Amino acid sequence: AKVARSRTDLPPKTAAPPPPPEAKGAPLVGVFPAVLSRGLQAVIREQHRELGSVFTLRSLGLAVTFLVGPESSGHFFHAPESEIAIDDVYKVTVPIFGRGVGYDVDLDTRNEQHRFFAKTLRPAKLRRHVHPMVHEVEDFFGKWGNSGVVDLKEEVDHLLMLIASRCLLGKEVRENMFDEVSSLLHELIGGLHLVSMFFPYLPTPAHRRRDRARARLEEIFSEIAGARRGSGRVEDDMLQELMDSRYGDGRATTGAEVTGMLVALLFAGQHTSSTVTVWTALRLLTHPTHLHTAMAEQEEWLVGKEEQIDYDVLQQMGFLHRCIKEAMRLHPVTQMILRRARRGFAVRAKEGGEYSVPAGRLLASPLVVNNLLPYVYKDPHVFDPDRFAAGRAEDKGGAGAGDLAYVAFGAGKHACMGEGYAYQQIKVILSHLLRKFELKLESPFPEPENMLSMRPRGEVMVSYRRSE
Ligand code: HEM
């Protein structure tokens, strides 16, 4: 006979950990008024201080769980795609990159396309870009006068576009259609507004311009690829690499895919590199001691032997490297990295508590807080490039931090693939400026642009004089 089991007969159920603590906010709007009045960064910092390293902010019906610091970020950065999804938060790029690439394709195809990126951005390939980069930089600054005042932000944007058109897009673009392609890319990326995040296909004028620009770019790159194939001409640029890439089943990349991948690389690499170059210059120009150390390093490696500049010499510029890395710590290119939890998971906070995060929850790793944690970085607000030098190595974050103490380039599965390329082009530019010019910051030290963009706000006016 069946005996009904009383509740106490059942095996003890381990209670699920509670949800993460939540910031207090007004009904419905949540922390929105606080974000409007004090700014998102300030609100995240306050809540981190109050609630610890794992907490949830709600605003206008949206809940975001923040995971601060290396201790709470392991699952966020290292879990497989089946647990933590990236495609959801980057879907907004589909109309920009186009169909058939990136977040429009299934995971296997995307992984194959990432393999093409990895191949084209590996050190053996980067070496070949040093001379074209140096050539563009010398040519560009050669056109400056003996002295003058410039908006460094605008100058660096333009120079990086020249470098990209030579190293990525190919000499056909660099030599014959630089202006057209630059303005098409401007329209394409300029088509990304707040409204695009929610309604990417709404027929607004900006979205229409974006779609026309995307179609014209595909025409241009398909034509160039066709002409190269037709004549058997092979060039040393990323366009060629992507044209010659093959999927696992032997299929060649199409013109649409090559265009999409080039746009994706520009999208990932242009504004980011420009932002970091300008912040590094700003920090050096406001820290004379570090500026002198950086200039002395250039003297050691290059003054009077400029023709020797190559990949290995750039690698040796340790102090300049640390200055760029430190500028990125203080001025990350994005406030936060986002993901979506595909499945619920438990996370332990640095303070010790354990919390359950539900499936479907939007997750954020706030670089603006991670990069300033006082138990990882000594005097975190100070620009101190040598915090990364051997002996101190604060970016290693001590035992257990793994690769998660310094996440300016992301970490884990989706860590930046262009880190080497970015350092290379930024170093080529700054190395030239340090050797050839005396610079002075004329405008006030800027704030970041706004909640979405961490670029320096407004003009960055710098006066220059050619060095003796
Ligand atoms: C200083 C400049 C740069 C910074 C600070 C930077 C930063 C980042 C960050 C934080 C991510 C991770 C995004 C995430 O996890 O959601 C990322 C991903 C990526 N970056 Fe960069 N990036 C820079 C330059 C570049 C350049 C020059 C390229 C290529 C030419 C590039 C290509 C990529 C790609 C392809 C990914 C996606 C990796 C993936 O999803 O698996 N980046 N970058």
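Small disclaimer: the values here were computed from a predicted structure and weren't measured. By convention here, the first residue in the shown sequence is residue 1. First listed ligand is number 1; within each ligand, the first listed atom is number 1.
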Less than 6.0 angstrom separating the ring centers of Tyr90 and Phe97, yes or no? no
Say whether Tyr421, considering both its backbone and side-chain N or O atoms, lies within less than 3.5 Å of an N or O atom on ligand 1. no
Those atoms of ligand 1 less than 4.0 Å from some heavy atom in Ala415: 38 (C)
Applying side chain to side chain contact (heavy atoms under 4.5 Å, CB included) to Lys125 and Met238, what does each step give before you reach the verdict? CA-CA 9 Å; Lys125 297 286 175 185; Met238 294 192 200; over 6 Å; no
Take every heavy atom of Phe77, measure it against each atom of ligand 1, and state whether any distance is under 4.0 Å. no
Taking every non-hydrogen atom, the tightest pair across Pro456 and Thr275: CD-CG2, 4.3 Å
So is Arg339 touching ligand 1 or not, going by heavy atoms under 4.0 Å? yes
Quick check: Thr334 and ligand 1, any N/O pair under 3.5 Å apart? no
Using the six-membered ring wherever Trp is involved, compare the ring planes of Phe319 and His290 and label them parallel, tilted or perpendicular (cut-offs 30° and 60°). tilted
Consider ligand 1: state whether an atom of it lies below 4.0 angstrom from any non-hydrogen atom of Pro332. no
Which protein heavy atom lies closest to atom 1 (C) of ligand 1, and at what distance to 0.1 Å? Val276 CG2, 3.6 Å
What residues, two or more places apart in sequence or in another chain, satisfy salt bridge (charged side-chain N to carboxylate O under 4.0 Å, His left out) together with Glu459? none
Atom 38 (C) of ligand 1: the protein heavy-atom neighbour that sits closest, reported with distance to 0.1 Å: His414 O, 3.5 Å
I'd like to know if Asp312 and Arg127 make a salt bridge, using a cut-off of under 4.0 Å between side-chain N and carboxylate O. yes
Looking at Val368, is its backbone amide N or carbonyl O close enough to the side chain of Gln335 to form a donor-acceptor pair, meaning the two atoms are under 3.5 Å apart? no
Which of the ligand 1 atoms, numbered from 1, are nearer than 4.0 Å to a heavy atom of Ala408: 5 (C), 7 (C), 10 (C)
So, do Phe178 and His158 have ring centers that fall under 6.0 Å from each other? yes
What lies under 2.8 Å from atom 21 (Fe) of ligand 1, restricted to protein N/O/S atoms, is Cys416 SG
Are His321 and Tyr423 near enough that their ring centres are under 6.0 Å apart? yes
Looking at ligand 1, is there an atom of it that comes within less than 4.0 Å of some heavy atom belonging to Tyr103? yes
Electrostatic pair Lys153:Glu449 at N-O distance under 4.0 angstrom: yes
Under a 4.0 Å heavy-atom limit, does Ala264 contact ligand 1 with its side chain, its backbone, both, or neither? neither
So, is the end of the Lys436 side chain (NZ or CZ) under 6.0 Å from the ring centre of Phe141 and within 45° of the ring's axis? no
Check: Glu155 and Val462 side chains under 4.5 Å, non-hydrogen atoms: no
Val333 heavy atoms within 4.0 Å reach ligand 1 at atoms 5 (C)
Among protein heavy atoms, which lies nearest atom 13 (C) of ligand 1, and at what distance? Tyr90 OH, 3.5 Å
